[in-house]
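Inspection log for the structure reproduced underneath, given as C-alpha cells.
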Protein chains: 2
Amino acid sequence: MTTTDGWQPVARARAYELVVERVEEQILAGTLKVGDRLPAERDLAARLQVSRAAVREAMRTLEAQGVVRSGVGSGPDAGTVVSALPSEALTRVLRLHVALANFAMADVVAARVMLERSSAGLAAAHASAEALAEIASPLEAMAGDADRETFNDLDTAFHIAVAEAGGNRLVADMTIAIREAMRLPILRELEQLGERWPEVRAALTAEHRAIHAAIAAGDPERAATLMEGHIHSSRRLLAP
Amino acid sequence: MTTTDGWQPVARARAYELVVERVEEQILAGTLKVGDRLPAERDLAARLQVSRAAVREAMRTLEAQGVVRSGVGSGPDAGTVVSALPSEALTRVLRLHVALANFAMADVVAARVMLERSSAGLAAAHASAEALAEIASPLEAMAGDADRETFNDLDTAFHIAVAEAGGNRLVADMTIAIREAMRLPILRELEQLGERWPEVRAALTAEHRAIHAAIAAGDPERAATLMEGHIHSSRRLLAP
DNA sequence: ACCTTGCTGTGGTCAGACCACAGGACAGAA
DNA sequence: TTCTGTCCTGTGGTCTGACCACAGCAAGGT
C-alpha cells in the first residue's frame with residue numbers, strides 16, 4: 001500500500017444534487033430572494049448543462065424543503081418561485097418521522113409536555129384578543145355532543161391555537177407536527193374507551209377550560225402547569 | 001351566480017404527489033418499516049401506472065424528508081430503502097430557513113433553550129457512564145488551543161452528546177437539528193470576534209465544564225439552569 | 001483454492017416528445 | 001369605444017425509451 005489512509009474521496013454527487021446546491025448558493029448569497037422566479041426548467045437545464053429531469057428532481061427536493069413552489073400556466077403564480085414555507089416543510093418531516101420511528105410513547109409525551117408548557121406560558125404572556133378567540137372557538141364547539149372524531153379534531157385545534165398564540169413560530173411548528181402525528185393514535189384510543197367516553201370527554205373539556213382561563217388571565221406559570229397536568233392526565237385517561 | 005360559494009375544488013394532485021402519498025400510506029400503516037426495500041423504480045412505476053420519472057421525483061421528495069435512501073449497484077445497500085434520518089432532514093430544512101431569516105433568531109434561541117434545558121435535565125437524571133464519557137470527550141479536546149472551526153465542531157459535539165445522553169430520541173433529534181443548523185452562523189460569529197476570541201473561548205469552556213459536572217453529579221435542576229445560562233451567555237458573547 | 005470474467009439488476013442520466021394550463025395579444029362584434 | 005371570443009405563447013407536468021455506472025454474484029478457467 002502506498003499510503004495508509006487519508007484517501008476517502010469522493011462520493012461524487014448526483015446531478016440533481018448539484019442543481020440543488022447551485023440554487024441554494026444563490027439563495028444564501030442573496031441573489032435569489034423570496035418571491036423571485038427561477039429560470040424556466042428548460043432554461044436552467046441548458047445553463048447548468050444537465051437534463052431537464054435532473055432539474056426537476058432538484059425542484060422536488062427544494063419543494064420538500066419549503067424553499068420553492070411551482071405553478072403551471074402563465075402569470076405571477078406560474079413558474080418556479082422562491083418561497084418561504086418553513087412550517088409546512090417542518091411539519092411534514094416531523095409528522096412522518098413521529099409515525100415512522102416508533103418513538104416511545106413516553107418520549108413523545110415528554111416532548112409534548114416540554115413544548116406545550118412553553119407554548120402555554122408564552123400564550124399567557126402574549127396572547128392577543130384574536131388569539132384568545134382562536135383558542136376559545138374549539139372549546140365552544142366541544143361543549144356540544146361532539147362524537148369522538150370531531151372531539152379529537154377540536155382538541156387538535158385547541159392545542160394548535162395555544163401553540164400559535166405563543167408567538168414562537170418554531171416552537172409552534174414543532175408542537176403542531178407532533179400533535180398532528182398523534183391525531184390518529186389518539187382517535188384509536190378514544191374509540192376504545194367504551195362507556196367511559198362521556199366521563200373522559202367531560203374531564204378533558206374541563207381541563208381545556210381551565211387552561212383557557214389561565215391564559216386569558218395572563219398567568220403563565222399557572223397556564224404551563226395546567227397544560228402539563230392536562231397532557232399527563234389525558235395519557236392516564238386514554239392509555240389502555 | 002348560481003351558488004354563493006362552497007366551490008373550492010379541486011387542485012388535482014400531480015402524479016409524483018400521488019406516489020408520495022402511496023408510499024406514506026404504507027409507512028403509516030406499518031406495511032413498510034425502517035430497513036425495508038421499496039420495489040425497484042421500474043416496478044413501482046408499472047404497479048402505480050405512472051412513469052418512472054414520476055416515481056423518481058417522488059423518491060427525491062421522500063429523500064429530502066429523510067424517509068428513504070437510494071443506493072445503486074446490488075447487495076444490501078442497493079435499491080431504495082426506507083430509513084429514518086429525521087435529524088438530517090430537519091437540519092437541512094432549518095439551516096436554509098434560518099439563513100433566510102424565516103425563523104426569527106430570538107425564536108430559535110428560545111427553542112434551543114427549551115430543548116436543551118430539557119435534555120440537560122434528562123441527562124443528569126439518566127446518563128450512563130458511557131454517555132458521560134461522550135460528553136466529556138469534546139471538553140478535553142477543547143481545552144487545547146483549538147482554532148475557531150475546531151472549537152465550533154467540538155461545541156456542537158458537546159451539545160449533541162448531552163442531547164443523546166438525555167435518552168429521549170425525539171427531543172435529541174430536534175436538538176441536534178437546531179444546533180447543526182446553527183453551526184455555520186455561529187462559526188461566522190466566532191470569526192468576527194477578533195481579539196476577544198481567547199476570552200470567549202475560556203468563558204464558554206468553563207460553562208461547559210460546569211454543565212458536565214452538574215450532569216455527572218446527577219443534579220437535573222442545576223444542569224438545566226446552567227445550560228440555559230450557557231446558551232444565553234453565549235448569545236451575549238457572540239451576538240454582534 | 002484462487003482469480004477472472006461476464007451477467008444481472010439497481011439507480012442515475014439523458015433526449016425528445018406531447019399535454020394542460022393561464023395569461024396576453026389580437027381581431028371581430030356590439 | 002368596449003366587450004368578447006380566439007389563438008398564440010411559455011410554463012410546469014408527464015411519458016417513453018434508451019444508455020450509463022455500479023456492485024454483487026456465479027460460472028468458468030487457472
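Just so it is clear, the values below take in all heavy atoms, side chains as well, and ignore hydrogens, waters and symmetry mates. Chain identifiers are assigned alphabetically (A, B, ...) following the order of the sequence lines, protein sequences preceding nucleic acid strands; residue numbering begins at 1 within each chain.
- Ring-plane geometry between B/H208 and B/F158 is classed as tilted, the angle between the planes lying from 30 to 60 degrees on a 0 to 90 degree scale.
- Under the 4.5 Å side-chain criterion, counting only non-hydrogen atoms from C-beta, B/R95 is not in contact with B/M182.
- Remark: side-chain polar atoms of A/N168 are paired, donor with acceptor, to backbone N or O of B/D107 under 3.5 angstrom.
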Using the 3.5 Å cut-off, write out each protein N or O paired with an N or O of nucleotides 26-28 of chain D and the distance between them.
none

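- At least one side-chain heavy atom of B/M142 sits less than 4.5 Å from a side-chain heavy atom of B/L139.
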Once base and sugar-phosphate atoms are separated, protein heavy atoms under 4.0 Å mark nucleotides 10-17 of chain D, 5' to 3', with B, S and - as BBBBBBB-

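- At least one side-chain heavy atom of A/L44 sits less than 4.5 Å from a side-chain heavy atom of A/L48.
- With B/R179 as the fixed residue, the salt bridge (charged side-chain N to carboxylate O under 4.0 Å, His left out) test singles out one of B/D155, B/D173, B/D153: B/D155.
- A/M227 approaches A/A120 most closely through the heavy-atom pair CB-CB, 4.0 Å.
- Contact of the B/E24 side chain with the B/Q65 side chain is registered, since non-hydrogen atoms from C-beta on lie closer than 4.5 Å.
- Atom P of nucleotide C/dG12 and atom CE of B/M59 are separated by 11 Å, given to the nearest angstrom.
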